[in-house]
**Q** 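Sharing a structure here in structure tokens format.
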Protein chains: 2
Amino acid sequence: MESMTPPTFSISAVERETGLSKDVLRKWETRYGFPAPLRDGLGERAYPLQQVDRLRLIKRLMDAGFRPSRLVAESEDGLNALAQASQSKVQRGGQIDVENLTLDKLQLQDPNGLRQLLYREMLRLGIEHFVLDTLNQLNIAVGDAWARGELSVHQEHLYTEAVQWLLRDVVAGLSVSHGAPRVLLTTLPDEQHSLGLLMLAALLSLRGAYCISLGTQTPAQEIIEAAHAYQIDIVALSFSNAYPQRRIIPALAELRQQLASSKSIWAGGAGCARLHASPEGTYLSPEMEQGMALLAAWQAAH
Amino acid sequence: MESMTPPTFSISAVERETGLSKDVLRKWETRYGFPAPLRDGLGERAYPLQQVDRLRLIKRLMDAGFRPSRLVAESEDGLNALAQASQSKVQRGGQIDVENLTLDKLQLQDPNGLRQLLYREMLRLGIEHFVLDTLNQLNIAVGDAWARGELSVHQEHLYTEAVQWLLRDVVAGLSVSHGAPRVLLTTLPDEQHSLGLLMLAALLSLRGAYCISLGTQTPAQEIIEAAHAYQIDIVALSFSNAYPQRRIIPALAELRQQLASSKSIWAGGAGCARLHASPEGTYLSPEMEQGMALLAAWQAAH
DNA sequence: CAATCTATTTGTCATGGACAAATAAATGGA
DNA sequence: TCCATTTATTTGTCCATGACAAATAGATTG
């Protein structure tokens with residue numbers, strides 16, 4: 001038992017853990033000299049935990065807008081400093097008094113407490129206010145804390161689960177089979193974040209829309225088919241920051257081309273925030289409020 | 001408008017749509033001569049829709065146990081015949097009278113009806129019976145129908161969503177903060193199916209356990225950390241058929257090695273069904289019932 | 001100071017070869 | 001004949017290197 005082998009990761013394990021493709025991992029190695037994995041007996045890359053952690057941090061900062069060459073060159077302290085600095089600037093609306101408490105609860109490892117807290121807050125504020133303000137800001141707060149490394153992945157998972165639990169309950173309670181418009185909610189493959197979708201579903205349901213959620217990662221072909229089958233008026237897609245920006249527009253264009261022109265396409269989520277224009281007949285609404293405005297417009301027009 | 005370009009897919013699009021890695025797609029091309037994508041102006045592979053569909057079908061059948069060389073050689077009709085034949089043999093317990101009705105509902109594009117139907121059935125049978133029998137068999141029925149190509153992806157998504165909606169509600173209602181054992185439920189990266197997890201959570205909660213769900217795709221490191229932080233007694237992981245068998249044992253072994261030996265590790269889901277032995281101190285329970293037995297054993301021992 | 005043009009950065013794709021792990025096929029007793 | 005063990009084949013993943021377009025930053029000019 002003298003020689004415990006320290007844990008290392010294969011290239012595909014690192015791809016999974018960091019979200020950086022194998023190609024990218026290899027290219028960085030030759031271009032920047034980092035990562036610099038060890039090699040196992042077979043000559044295959046073996047990434048030490050430390051490097052994987054660093055890669056994770058770099059990926060976070062890239063999602064926040066930094067470029068790799070900059071980050072890879074940075075020292076450990078430099079990276080951490082950047083992470084500290086990369087706070088979301090968005091601070092609209094009044095402070096939510098529950099925010100700190102909730103982050104505390106998360107850090108206190110109290111999943112049930114968190115759920116109850118959110119539920120009570122929702123009852124107090126009403127769904128619309130709760131979703132538009134509290135959840136919105138909480139998401140940002142959690143995202144920031146995570147980017148700064150103050151929250152571990154499992155804590156973030158826990159938060160996501162708690163909110164999902166809550167919102168699904170709400171949406172299920174609000175559903176009526178004859179609402180209008182009929183909205184199909186989902187994400188494209190490679191996009192796993194569904195919180196935004198659920199929040200939108202809650203808000204739209206509140207205003208009388210009929211929401212059908214397909215969960216995450218529905219192939220484009222299937223979206224088309226489902227939109228037809230369920231006689232959908234509006235297809236709502238969500239893109240998180242992690243979704244490669246450059247793929248959004250083409251994806252929307254492709255959908256637009258194949259979908260009956262009577263059906264609208266909405267794209268929401270933080271991933272859309274930095275986009276300026278979208279293909280003809282598709283609508284960007286990085287903020288929830290804009291989604292509500294789009295709904296109002298649709299309902300007025302019909 | 002004479003020449004509409006027929007839609008083609010890039011290699012990464014095909015990877016997303018089919019779940020076959022780029023490496024595999026390229027290798028099959030040289031080894032078996034299929035797929036045989038066109039090339040665009042840049043010399044890059046451009047897969048016609050027809051080939052993508054065929055790849056999807058092949059992937060389905062591979063998940064059902066067939067080997068690629070066999071499938072790739074097969075004719076179109078041959079593949080369809082195989083898909084027809086690959087029914088799950090499991091038909092234990094009495095027929096559930098609701099099954100056909102539910103599949104009908106799915107095919108009738110009636111998401112709300114489905115949810116209500118499931119809910120009513122749950123009330124009628126009681127949660128335990130409903131989960132162990134109805135849902136279990138429904139899952140198999142849906143999985144089979146999907147493998148046979150009778151169900152499209154969006155319909156399967158819809159089913160999954162409906163069940164999730166239902167079960168989350170149930171689990172939330174059952175949660176008590178002082179139950180024992182304390183169970184952490186999640187899946188490893190690359191495993192996105194969480195239905196089994198939710199079903200287990202419902203059953204365990206019913207029997208007094210305290211369940212903490214982290215959703216899907218929690219990195220191994222994070223599971224360790226969370227197990228410690230939440231003072232977990234049992235870590236329950238779920239593996240679907242789609243999860244590469246060969247990675248299950250090593251993954252369990254790695255977890256076992258890093259996790260305090262006082263904490264149990266359970267592995268469930270259809271992906272475990274074909275495994276015979278598991279690492280020391282970890283337990284396989286491809287069937288829900290076995291999970292219940294494990295729980296009973298744990299509770300008896302404490 | 002805004003807009004346009006050049007240079008660099010960056011991700012993805014391609015090719016072709018190697019190898020271990022998984023699976024099937026063949027072999028040799030009981 | 002059937003089970004267990006050994007040999008072959010299949011199969012996924014990895015490696016190295018090179019090419020190129022799209023995205024971004026930096027320079028230049030009106």
Side-chain angles (χ1 to χ4, degrees), chain A residues 8-16 18-47 55 58-59 61-73 190 242-251 253 274-276, chain B residues 8-16 18-47 55 58-59 61-73 190 242-251 253 274-276:
Chain A
T8 60
F9 297 78
S10 72
I11 193 170
S12 52
V14 176
E15 177 182 44
R16 260 177 301 149
T18 65
L20 297 164
S21 80
K22 297 180 189 104
D23 274 333
V24 166
L25 288 169
R26 295 200 193 97
K27 266 291 173 277
W28 283 12
E29 188 177 332
T30 62
R31 279 180 183 158
Y32 316 125
F34 182 86
L38 311 172
R39 297 297 174 130
D40 66 7
L42 297 133
E44 306 197 337
R45 290 170 176 78
Y47 298 81
L55 285 169
I58 288 176
K59 177 65 179 354
L61 286 166
M62 286 201 346
D63 288 343
F66 292 94
R67 305 197 71 185
S69 59
R70 163 84 192 284
L71 296 169
V72 166
D190 277 7
Y243 195 88
Q245 304 259 335
R246 108 188 62 94
R247 273 205 255 144
I248 298 181
I249 298 288
R274 275 181 272 168
L275 296 176
H276 300 312
Chain B
T8 60
F9 298 77
S10 73
I11 193 169
S12 53
V14 176
E15 177 182 43
R16 261 179 298 149
T18 66
L20 297 163
S21 81
K22 299 184 188 100
D23 273 334
V24 166
L25 289 169
R26 295 198 194 99
K27 267 290 174 275
W28 284 11
E29 187 177 333
T30 63
R31 279 180 184 158
Y32 316 125
F34 181 86
L38 311 173
R39 298 296 174 129
D40 66 6
L42 297 134
E44 306 197 337
R45 281 164 245 260
Y47 298 81
L55 286 169
I58 288 176
K59 179 64 180 354
L61 286 166
M62 287 200 347
D63 288 344
F66 292 94
R67 306 197 72 186
S69 58
R70 164 81 192 285
L71 296 170
V72 166
D190 278 6
Y243 196 87
Q245 304 259 334
R246 106 190 65 97
R247 275 206 252 145
I248 298 180
I249 299 288
R274 276 180 271 171
L275 295 176
H276 302 311

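Just so you know, these numbers use all the heavy atoms, side chains as well, and skip hydrogens, waters and symmetry mates. Order of the sequence lines fixes the chain letters, A, B, ..., with proteins taken first and strands second; residue numbering starts at 1 for each chain.
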**Q** Which residues satisfy the side-chain hydrogen bond (donor to acceptor under 3.5 Å, both in side chains) test with S12(B), sequence neighbours excluded?
**A** S10(B)

**Q** When you look at W28(B) and I58(B), which way does the side chain to side chain contact (heavy atoms under 4.5 Å, CB included) test go after all the steps?
**A** CA-CA 12 Å; W28(B) 284 11; I58(B) 288 176; 4.0 Å; yes

**Q** Counting side-chain heavy atoms from CB outward, which of dT11(D), dC15(D), dT15(C) is closest to E44(A)?
**A** dC15(D)

**Q** May I ask you to evaluate whether S69(B) reaches the phosphate of dT9(D), defined as a side-chain N or O under 4.0 Å from OP1 or OP2?
**A** no

**Q** At a heavy-atom distance below 4.0 Å, what parts of residues 22-33 of chain A sit against DNA chain C?
**A** D23(A), V24(A), K27(A), W28(A), R31(A), Y32(A)

**Q** Report each atom pair, protein N/O against N/O of nucleotides 22-26 of chain D, whose distance is under 3.5 angstrom.
**A**
none

**Q** Looking at residues at least two apart in the chain, or sitting in another chain, which of them share a side-chain hydrogen bond (donor to acceptor under 3.5 Å, both in side chains) with T8(B)?
**A** none

**Q** Let me see the working for F9(B) and L55(B) under side chain to side chain contact (heavy atoms under 4.5 Å, CB included), right down to the final yes or no.
**A** CA-CA 12 Å; F9(B) 298 77; L55(B) 286 169; over 6 Å; no

**Q** Could you state the atom-to-atom distance from CD1 of I58(A) to P of dT10(C) in whole Å?
**A** 12 Å

**Q** Looking at residues at least two apart in the chain, or sitting in another chain, which of them share a salt bridge (Lys or Arg N to Asp or Glu O under 4.0 Å) with D40(A)?
**A** none

**Q** Pick base, sugar-phosphate or nothing for R39(B), based on heavy-atom distances below 4.0 Å to the nucleic acid.
**A** sugar-phosphate

**Q** Suppose we screen for side-chain hydrogen bond (donor to acceptor under 3.5 Å, both in side chains). Which residues come up paired with R45(B), at least two apart in sequence or across chains?
**A** E29(B)

**Q** Please set out all donor-acceptor pairs under 3.5 angstrom arising from side-chain atoms of residues 65-73 of chain A, sequence neighbours excluded.
**A**
none

**Q** Find the distance L71(A):CG to dG11(C):P and express it as a whole number of Å.
**A** 10 Å

**Q** From CG of L20(B) over to C1' of dG12(D), roughly how many Å is that when rounded to an integer?
**A** 11 Å

**Q** Could you tell me the separation between the CD1 atom of I11(A) and the C1' atom of dA16(D), rounded to a whole number of Å?
**A** 12 Å

**Q** Roughly how many Å is it from CG in D40(A) to P in dA18(C), rounded to a whole number?
**A** 18 Å

**Q** To the nearest 0.5 Å, tell me how far L20(A) CG sits from K27(A) NZ.
**A** 15.0 Å

**Q** Looking only at side-chain N and O atoms, does S21(A) come under 4.0 Å of OP1 or OP2 in dT12(C)?
**A** yes

**Q** Restricting to side-chain hydrogen bond (donor to acceptor under 3.5 Å, both in side chains), what partner residues turn up for K22(B), sequence neighbours left out?
**A** E15(B)

**Q** What integer distance in Å separates D63(A):CG from dG11(C):P?
**A** 12 Å

